[in-house]
2 protein chains.
Amino acid sequence: MSKLSYKYFVKALSNDTRLEIVHLLRAKPRCVSEICEELNLEQSRVSHNLKCLLNCGFVEAGRNGRKRVYSLNRNTILPLMEIIDKHIEKYYEHLVKCKVLKE
Amino acid sequence: MSKLSYKYFVKALSNDTRLEIVHLLRAKPRCVSEICEELNLEQSRVSHNLKCLLNCGFVEAGRNGRKRVYSLNRNTILPLMEIIDKHIEKYYEHLVKCKVLKE
DNA sequence: TTGACATATGATAAAATTATCATACATCAT
DNA sequence: ATGATGTATGATAATTTTATCATATGTCAA
């Protein structure tokens with residue numbers, strides 16, 4: 001319940017790969033190879049990042065034959081993203097003016 | 001409004017220094033030198049990290065003489081932290097069992 | 001049981017973040 | 001104006017995070 005764990009949970013959502021996975025799973029559950037294909041990412045990369053999301057309870061894993069199916073933990077991650085979205089909506093312009101975002 | 005900005009906002013909260021600052025400001029606004037003292041951190045480190053929080057709209061800055069006073073943007077960061085707290089409460093045990101947290 | 005498919009994992013290289021140092025800038029009191 | 005105080009900023013070193021590669025593990029079908 002410490003700041004350490006706080007940071008850990010937040011870090012899980014502060015990475016492109018993991019955010020892409022989360023966004024993809026928003027629509028429906030998928031197995032690892034599907035995630036790889038749809039996001040055009042390497043398998044080990046996806047697995048490593050899924051593990052992080054799993055550890056933090058942001059996704060859950062089931063099984064379908066030899067496939068491991070991952071789905072969002074909708075109870076927690078969706079409301080969380082909603083709040084962040086709202087904040088971003090309000091402050092995006094501000095952030096852009098500060099020219100902090102590159103790319 | 002892209003994933004890039006999303007990541008940027010979340011990253012602002014995924015760092016020990018910035019989280020400590022945010023937690024400190026929860027009680028009341030403070031100037032840079034006060035933050036340094038209370039958290040026992042170097043001044044430039046605090047300033048750099050405050051800038052990040054400022055860019056993202058998580059804190060606001062005023063002035064009092066030659067002191068620059070920072071305060072929390074309570075509208076957005078407090079509800080956000082509340083949700084994260086709730087999630088952590090639920091999943092902390094799980095996370096510990098996975099032995100992901102070191103220290 | 002063997003081979004093929006699906007995923008996980010450990011080690012390390014590559015990339016990104018962070019802290020630190022030196023110094024610049026800004027404000028106030030004299 | 002000058003010095004003292006308070007804060008910001010740029011460059012780079014130190015640290016952390018991430019991706020990649022090689023390989024291990026697990027599951028199923030034959």
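No hydrogens, no waters, no symmetry mates; every other heavy atom, side chains included, goes into these values.
- Although no hydrogens or angles enter the test, the distance criterion places no donor-acceptor pair under 3.5 Å between the side chain of B:Asn73 and the main chain of B:Val59.
- Annotation: proximity of residues 29-41 of chain A to DNA chain D (heavy atom, distance under 4.0 Å) is found for no residue.
- Heavy atoms of other residues, nucleotides or ligands lying less than 6.0 angstrom from CD of A:Glu38 number more than 12.
- OP1 or OP2 of D:dA19 has at least one side-chain nitrogen or oxygen of A:Thr17 nearer than 4.0 Å.
- When rounded to the nearest whole Å, the span between CD of A:Glu20 and P of D:dA19 equals 10 Å.
- For the pair B:Lys51 NZ and C:dT17 C1', the computed distance is 16 Å after rounding to whole Å.
- Rounded to whole angstrom, the span from the CG atom of B:Leu50 across to the P atom of D:dT7 amounts to 10 Å.
- Nearest nucleotide to the side chain of B:Gln43, out of D:dA22, D:dT7, D:dT9: D:dT7.
- Note on A:Leu53 and A:Val69: separate hydrophobic clusters, where clusters join Ile, Leu, Val, Met, Phe, Trp and Tyr whose side-chain heavy atoms are under 4.5 Å apart, directly or indirectly.
- Atoms CD (A:Glu42) and P (C:dA8) sit 15 Å apart, rounded to a whole Å.
- Side-chain atoms of A:Arg63 lie closest to D:dT27 of the nucleotides D:dT27, C:dA8, C:dG10.
- Of the possible donor and acceptor atoms, one in the side chain of A:Lys11 sits under 3.5 Å from a partner among the backbone N and O of B:Ser14.
- Within residues 64-74 of chain A, the residues having any heavy atom under 4.0 Å from DNA chain D are, by residue number, A:Gly65, A:Arg66.
- Residue A:Leu54 holds its CG atom at 12.0 Å from CG of A:Asn49, rounded to the nearest 0.5 Å.
- At least one side-chain nitrogen or oxygen of B:Arg18 sits closer than 4.0 Å to the OP1 or OP2 atom of C:dT18.
- To the nearest 0.5 angstrom, B:Met81 atom CE is 11.0 Å from B:Arg74 atom CZ.
- Within the structure, ring pair (Phe, Tyr, Trp, His ring centres under 6.0 Å) pairs that include any residue of residues 27-46 of chain A do not occur (at least two apart or interchain).
- Side chains of A:Ser33 and A:Glu37: a donor-acceptor N/O pair is absent below 3.5 angstrom, by distance only.
- Atom CD1 in A:Ile21 sits about 13 Å away from atom C1' in D:dT18, given to the nearest Å.
- With hydrogens and angles left out, the side-chain atoms of B:Asn55 and A:Tyr91 include no donor and acceptor closer than 3.5 Å.
- Here C:dT18 presents its P atom at 10 Å from CG of B:Asp16, a figure rounded to the nearest Å.
- At a cut-off of 3.5 angstrom, the base of C:dT7 holds no donor-acceptor pair with the side chain of A:His48.
- Between A:Asn49 and D:dT17, a side-chain N or O to OP1/OP2 separation shorter than 4.0 Å is absent.
- Dashed line: the shortest gap from a side-chain N or O of A:Asn15 to OP1 or OP2 of D:dT18 is under 4.0 Å.
- Take the nearest nucleotide of DNA chain C for A:Val46 and for A:Lys11: the residue whose nucleotide is more 5' is A:Val46.
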